[in-house]
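For reference, the structure is listed below as structure tokens.
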Amino acid sequence: MKDSTWIGRELRPNDRGALGRIVEGAPRPASLFVKAAHARGEDFPGWWFGAWRDGQTLEAVMAVENHQGVIYAANDEAARGLGQELYASQKRMGPTIQSHRHQLLAESKTMGIIWPIVKDIPGRKLLFDKESELLEGHADDTAAPSSRVTCDTAQRSDERVVHDFVAELRIEQLGIDPRKTGRDTHAQR
């Protein structure tokens with residue numbers, strides 16, 4: 001199999017269909033933050049960067065807002081392609097860019113591929129807070145992974161949020177929304 005060529009660029013309005021396909025078809029935990037940005041639609045105040053396999057298929061995206069980029073890559077090769085294209089585009093901009101400090105957030109597996117590629121972009125300070133792994137659970141006796149994150153047992157006042165998260169998990173796993181198919185049973189559990 002020949003190596004793929006990756007083209008990275010800012011997404012344009014006519015790329016919305018490709019963006020929708022990759023984000024909506026992505027597994028929820030890996031694309032949680034990108035899905036949230038996409039759900040804002042036209043109200044999303046940032047911009048999108050994407051990596052296209054052989055210039056044809058969008059396989060990795062980054063939603064950028066206020067110098068923070070959240071990343072989703074459909075596979076390891078796409079993550080590598082996005083990292084290489086991100087490095088090349090940032091290096092081309094040189095020190096003239098307005099901000100020299102950026103934060104990247106992605107699933108740890110994806111970031112493990114991208115980070116070694118982008119961490120030393122000339123003229124930039126990239127931050128990757130490994131201690132802020134929001135997609136990972138810990139036992140009750142472990143410390144919070146970051147001072148910005150607190151972990152605690154859900155209380156009665158959190159019941160509605162817990163119900164919604166469980167329902168979203170069932171939609172992801174089974175394709176069925178228990179709030180619609182068995183509302184009373186779902187609420188009792």
Legend entry - OH-CG distance between Y72 and L105, expressed to the nearest 0.5 angstrom: 15.0 Å
Legend entry - From CZ (R21) to CD (E59), nearest 0.5 Å: 12.5 Å
Legend entry - Heavy-atom donor-acceptor pair, D15 side chain to A18 backbone, under 3.5 Å: no
Inset, instruction - Identify the heavy atoms of A78 and A73 that sit nearest to each other, and give their distance. - result: C-CB, 4.2 Å
Inset, instruction - Compare all side-chain heavy atoms of S89 with those of R9 and state whether any distance is below 4.5 angstrom. - result: no
Legend entry - Minimum heavy-atom distance between K35 and E24, given as atom pair plus value: NZ-O, 3.6 Å
Legend entry - Verdict with supporting geometry, Y87 and I114, side-chain contact (heavy atoms from CB on, under 4.5 Å): CA-CA 10 Å; Y87 181 90; I114 293 174; over 6 Å; no
Legend entry - Hydrophobic cluster membership, W115 vs W6, 4.5 Å side-chain cutoff: no
Legend entry - Nearest heavy-atom neighbours spanning A167 and D177: CB-OD1, 4.1 Å
Inset, instruction - Enter the distance from I113:CD1 to I71:CD1 here, rounded to the nearest 0.5 Å. - result: 11.0 Å
Legend entry - Heavy-atom pair with the smallest gap, counting every atom of V34 and V61: CG1-CG2, 3.8 Å
Inset, instruction - Indicate, with yes or no, if M111 and L86 share a hydrophobic cluster defined by side-chain heavy-atom contacts under 4.5 Å among Ile, Leu, Val, Met, Phe, Trp and Tyr. - result: yes
Inset, instruction - In sequence, state the C-alpha distance, the side-chain angles, and the governing distance for D76 and K109, and then conclude on side-chain contact (heavy atoms from CB on, under 4.5 Å). - result: CA-CA 9 Å; D76 294 353; K109 179 183 175 194; 3.2 Å; yes
Legend entry - Parallel, tilted or perpendicular: rings of F49 and W47 (30°, 60°): perpendicular
Inset, instruction - Find the distance between CD1 (I7) and CG (D54) and round it off to the nearest 0.5 Å. - result: 8.0 Å
Inset, instruction - For residues E85 and G8, report the shortest heavy-atom separation together with the two atoms involved. - result: OE1-N, 2.9 Å
Legend entry - Residue pair W52 / L11, side-chain heavy-atom distance below 4.5 Å: yes
Legend entry - Separation between CH2 of W48 and CE of M62, rounded to the nearest 0.5 Å: 10.5 Å
Legend entry - Taking every non-hydrogen atom, the tightest pair across L82 and A60: CB-CB, 3.9 Å
Inset, instruction - Measure the OG1-CZ distance between T110 and R80 for me, rounded to the nearest 0.5 Å. - result: 11.0 Å
